[in-house]
A.B. asks: 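My structure is below; once you've seen it, I'll send some questions.
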Amino acid sequence: MIALGCDHGGYALMQEVIDYLEKQNIEYQNFGTYSEDSCDYPVYAKKVAHAVADGNCEKGILICGTGIGVSITANKIKGIRAALCGDCFSAKATREHNDANILAMGARVVGAGLALEIVKTFLETPFSNDERHIRRISQIEQ
Ligand code: RB5
């Protein structure tokens with residue numbers, strides 16, 4: 001189950017992400033926002049971060065205008081490793097090296113075509129399970 005959240009700046013791109021997930025038969029839970037009316041990104045970033053941190057959702061995707069506000073917010077929640085990605089190399093590397101559990105993107109930064117490739121890469125890339133990466137991730141929480 002993938003937790004989804006966005007603000008008004010990310011709403012249009014999130015509809016594209018939802019279309020992609022539905023075509024791939026990937027289950028999701030949409031925590032909003034549900035329109036392009038102006039809203040506060042921390043509200044939605046926290047909902048998604050808690051759903052992932054509590055284990056109710058396996059991963060999350062957050063979108064705002066830049067991706068910065070939602071990633072800063074999500075990373076305040078214990079156990080969350082939110083990665084702001086604007087390219088597929090970073091999306092792959094952050095899954096392999098950081099076991100990132102939330103993907104953050106900026107709708108004013110990446111176009112829909114690239115964003116969907118980033119989503120695909122993030123969701124399909126497993127954590128490497130390398131000892132050095134496990135050690136470094138454990139140090140984040142210490
Ligand atoms: C909203 O205008 C914008 O500030 C928000 O989407 C995001 O970019 C914040 O980091």
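Every number for a ligand or one of its atoms is a count from 1 in the order of the listing. Values reported hereafter were calculated over all heavy atoms of this structure, with side chains retained and with hydrogens, waters and symmetry mates removed.
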A.B. asks: Looking only at distances, please establish whether an N/O atom of ligand 1 is found under 3.5 Å from an N/O atom of Tyr41.
C.D. replies: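 N/O-N/O distance below 3.5 Å does not exist for this pair.
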A.B. asks: When only distance counts, is Gly67 in polar contact with ligand 1, meaning an N/O pair under 3.5 Å?
C.D. replies: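 It does not: no N or O of Gly67 is found under 3.5 Å from an N or O of ligand 1.
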A.B. asks: Under 4.0 Å and counting heavy atoms only, is there anything from the protein next to atom 4 (O) of ligand 1?
C.D. replies: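 Answer no: nothing from the protein, no heavy atom, is under 4.0 Å.
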A.B. asks: Is Gly9 in polar range of ligand 1, meaning some N or O pair under 3.5 Å apart?
C.D. replies: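 Not met; the criterion fails.
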A.B. asks: Tell me whether Ile118 shares a hydrophobic cluster with Ile63, the cluster being built from Ile, Leu, Val, Met, Phe, Trp, Tyr side chains joined at under 4.5 Å.
C.D. replies: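 Shared cluster, yes.
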A.B. asks: Within ligand 1, which atoms have a heavy atom of His8 less than 4.0 Å away?
C.D. replies: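 So the atoms of ligand 1 that pass are 1 (C), 2 (O).
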A.B. asks: Using a 4.0 Å cutoff against the non-hydrogen atoms of Asp7, which atoms of ligand 1 qualify?
C.D. replies: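 Contacts of ligand 1 toward Asp7, numbered from 1: 1 (C), 5 (C), 6 (O).
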A.B. asks: Under 4.5 Å between side-chain heavy atoms, chaining through other members, with only Ile, Leu, Val, Met, Phe, Trp and Tyr counted: pull out the rest of the cluster around Ile68, sorted by chain and number.
C.D. replies: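 Joined to Ile68, directly or through intermediates: Ile72, Leu84.
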A.B. asks: Using side-chain heavy atoms (C-beta onward) and a distance below 4.5 Å, is Ile134 in contact with Phe127?
C.D. replies: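 Yes, side chains in contact.
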A.B. asks: Which ligand 1 atoms are under 4.0 Å away from a heavy-atom of Gly65?
C.D. replies: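 Heavy-atom distances to Gly65 below 4.0 Å select 5 (C), 6 (O), 7 (C), 8 (O).
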A.B. asks: Report whether Met105 and Leu4 are members of the same hydrophobic cluster (ILVMFWY, side-chain heavy atoms less than 4.5 Å apart, transitive linking).
C.D. replies: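 Met105 clusters together with Leu4.
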A.B. asks: In terms of atom number and element, which parts of ligand 1 are under 4.0 angstrom from non-hydrogen atoms of Cys64?
C.D. replies: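 Answer, ordered by atom number: 6 (O), 7 (C), 8 (O), 9 (C), 10 (O).
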A.B. asks: In terms of hydrophobic clustering (I, L, V, M, F, W, Y; side-chain heavy atoms under 4.5 Å; direct or indirect links), are Val52 and Ile137 co-clustered?
C.D. replies: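 Unlinked, Val52 and Ile137 end up in two clusters.
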A.B. asks: Heavy-atom contacts with Arg108 under 4.0 Å: which atoms of ligand 1 show up? List them by number with element.
C.D. replies: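 Result: 1 (C), 2 (O), 3 (C).
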A.B. asks: Tell me whether the count of non-hydrogen atoms from other residues, nucleotides or ligands lying under 6.0 Å of CG in Asp40 goes above 12.
C.D. replies: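 Not buried by this count: 12 neighbours or fewer within 6.0 Å.
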A.B. asks: Is there a chain of hydrophobic side chains (I, L, V, M, F, W, Y, each step under 4.5 Å between heavy atoms) that links Phe31 to Ile18?
C.D. replies: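 No, Phe31 and Ile18 fall in different hydrophobic clusters.
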